[in-house]
Asks: 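A single structure is presented below for examination.
All chains are named by letter (A, B, ...) in the order of the sequence lines, taking the proteins before the strands, and each is independently numbered beginning at 1.
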Amino acid sequence: MSSSGFAPLPPSFYQAPVLDLARAMIGKVLVHVAKEGTLAGRIVECEAYRGPLDLAAHSAGGRRTKRTEVMFGPAGHAYMYFLYGMHWAFNVVAGEEGDPHAILVRALEPTLGVELMAARRNLPETSVQLANGPGKLCAALGLGASAYGLSLKGPRLFLAEGQRRAALGRSPRINVDYAGAWAARPWRFYERGNRYVSVRPRD
DNA sequence: GAATAGATTGTCT
DNA sequence: GACAATCTATTCT
């Protein structure tokens with residue numbers, strides 16, 4: 001148990017095929033121990049990206065650059081990327097070393113540090129929009145470039161135990177229409193009925 | 001509720 | 001120089 005009161009999941013948790021890991025991550029708790037306080041939320045939505053074959057992945061075709069480098073390393077590390085000029089997104093690196101797989105965390109149900117999240121997001125503490133999107137959750141938790149490549153063994157940033165409370169839902173991934181047939185694959189996972197899921201599923 | 005446009009910058013062609 | 005695994009405000013219906 002760390003000083004944050006949460007115990008990081010063991011490295012073995014991340015030693016699973018990327019689709020299995022994505023499923024297993026729903027209900028787990030993402031914890032960021034920041035200077036200003038500890039922030040945490042249940043993962044209620046995520047998406048699997050399986051390069052080099054998956055054309056929706058940043059590592060499509062085996063593209064290995066400064067940005068994608070951490071995806072080629074061992075599982076259980078943070079892959080951060082910046083997009084649209086103003087948003088950060090948080091991913092968990094998955095797969096064997098050399099397999100550039102990752103899981104984008106798309107939405108959290110805030111559980112700890114809600115006051116600080118609300119301040120960072122300039123929203124009421126009761127708002128459902130604190131962390132219901134990839135960019136929003138990074139803003140709420142204060143995650144950015146400095147989190148790139150961090151090991152999820154902790155103690156600063158890690159996943160902790162947590163339970164899924166409703167059935168697992170699946171759908172195609174969001175905003176990857178450019179990926180052709182890969183865009184249709186049901187590689188987005190979410191907790192059914194959870195109001196913090198970002199894009200209303202068809203359920 | 002749905003559709004649209006604008007913001008703004010690191011990364012790659 | 002183009003564009004992106006997005007978010008927000010605005011303008012409809």
Asks: Main chain of R106(A), side chain of Y190(A): is a donor-acceptor contact present, judged purely on distance under 3.5 Å?
Replies: no
Asks: Tell me which residues in residues 93-110 of chain A lie within less than 4.0 Å of DNA chain B, going by non-hydrogen atoms.
Replies: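 Heavy-atom cutoff 4.0 Å gives no residues at all.
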Asks: With no hydrogens and no angle check, is any side-chain donor or acceptor of R185(A) less than 3.5 Å from a backbone partner on W187(A)?
Replies: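 Such a contact is absent between R185(A) side chain and W187(A) backbone.
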Asks: Rounded to the nearest 0.5 Å, what's the gap from SG on C46(A) to CD1 on I26(A)? Could you check?
Replies: 4.0 Å
Asks: Quick one: does any side-chain atom of R42(A) pair with a main-chain N or O of K28(A) as donor and acceptor, under 3.5 Å?
Replies: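 Not at all, since once roles are kept as given, no pair shorter than 3.5 Å links the two residues.
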Asks: Between Y178(A) and A56(A) (side chain of the first, backbone of the second, donor and acceptor by atom type, cut-off under 3.5 Å), is there such a pair?
Replies: yes
Asks: Would you say the side-chain atoms of T38(A) pair up with the backbone N or O of V33(A), donor to acceptor, closer than 3.5 Å?
Replies: no
Asks: Will you find, in the side chains of S146(A) and R156(A), an N or O donor that is under 3.5 Å from an N or O acceptor?
Replies: yes
Asks: Please compare L123(A) and H58(A) by the position of their nearest nucleotide in DNA chain C and report the one closer to 5'.
Replies: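 Result: H58(A).
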Asks: Between Q163(A) and G27(A) (side chain of the first, backbone of the second, donor and acceptor by atom type, cut-off under 3.5 Å), is there such a pair?
Replies: no
Asks: Would you list the protein and nucleotides 4-8 of chain B atom pairs, both N or O, that sit under 3.5 Å from each other?
Replies:
| unit_1 | atom_1 | unit_2 | atom_2 | d |
| --- | --- | --- | --- | --- |
| dT8(B) | O2 | Y84(A) | O | 2.7 |

Asks: Using the side-chain hydrogen bond (donor to acceptor under 3.5 Å, both in side chains) rule, pick out the option among Y81(A), Y79(A), Y49(A) that qualifies with H58(A).
Replies: Y79(A)
Asks: Below 4.0 Å from chain A heavy atoms, what is the first contacting nucleotide of DNA chain C and what is the last?
Replies: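 The footprint of chain A covers dA4(C) to dT8(C).
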Asks: What contact category does A89(A) fall into here, base, sugar-phosphate, or nothing, at under 4.0 angstrom with non-hydrogen atoms?
Replies: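 No contact.
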Asks: Are more than 12 heavy atoms, taken from residues, nucleotides or ligands other than E115(A), located less than 6.0 Å from that residue's CD atom?
Replies: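 No.
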Asks: Taking the side chain as C-beta and beyond, is there a heavy-atom pair between L152(A) and H77(A) under 4.5 Å?
Replies: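 No - every pair of side-chain heavy atoms lies 4.5 Å or more apart.
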Asks: Checking S127(A) side chain against P124(A) main chain: does a donor-acceptor pair fall under 3.5 Å?
Replies: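 Checked: no pair found.
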Asks: Can you tell me if R173(A) uses its side chain to pair, donor with acceptor, with the backbone of A48(A) under 3.5 Å?
Replies: yes
Asks: Can you give me the N/O atom pairs linking the protein to nucleotides 11-13 of chain B at distances under 3.5 Å, or say none if there are none?
Replies:
| unit_1 | atom_1 | unit_2 | atom_2 | d |
| --- | --- | --- | --- | --- |
| dC12(B) | OP1 | T65(A) | OG1 | 2.1 |

Asks: So, does E191(A) use its side chain to make a donor-acceptor pair with the main chain of R165(A) at under 3.5 Å?
Replies: yes
Asks: Which is it for E47(A) and R170(A) under the salt bridge (Lys or Arg N to Asp or Glu O under 4.0 Å) test, yes or no, and what are the steps along the way?
Replies: CA-CA 9 Å; E47(A) 290 177 354; R170(A) 293 185 69 158; over 6 Å; no
Asks: For DNA chain B, determine which residues of residues 76-83 of chain A have any heavy atom closer than 4.0 angstrom to one of its atoms, and list them numerically.
Replies: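 The answer is F82(A).
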Asks: Heavy-atom count check: over 12 atoms from other residues, nucleotides or ligands less than 6.0 Å from E36(A) CD?
Replies: yes
Asks: Output the pairing pattern of DNA chain B as a dot-bracket string, 5' first, Watson-Crick or G-U wobble with both distances under 3.5 Å, | for cross-strand pairs, [ ] for crossing pairs.
Replies: |||||||.||||.
Asks: Backbone N or O of L157(A) within a donor-acceptor pair of the H32(A) side chain at under 3.5 Å?
Replies: no
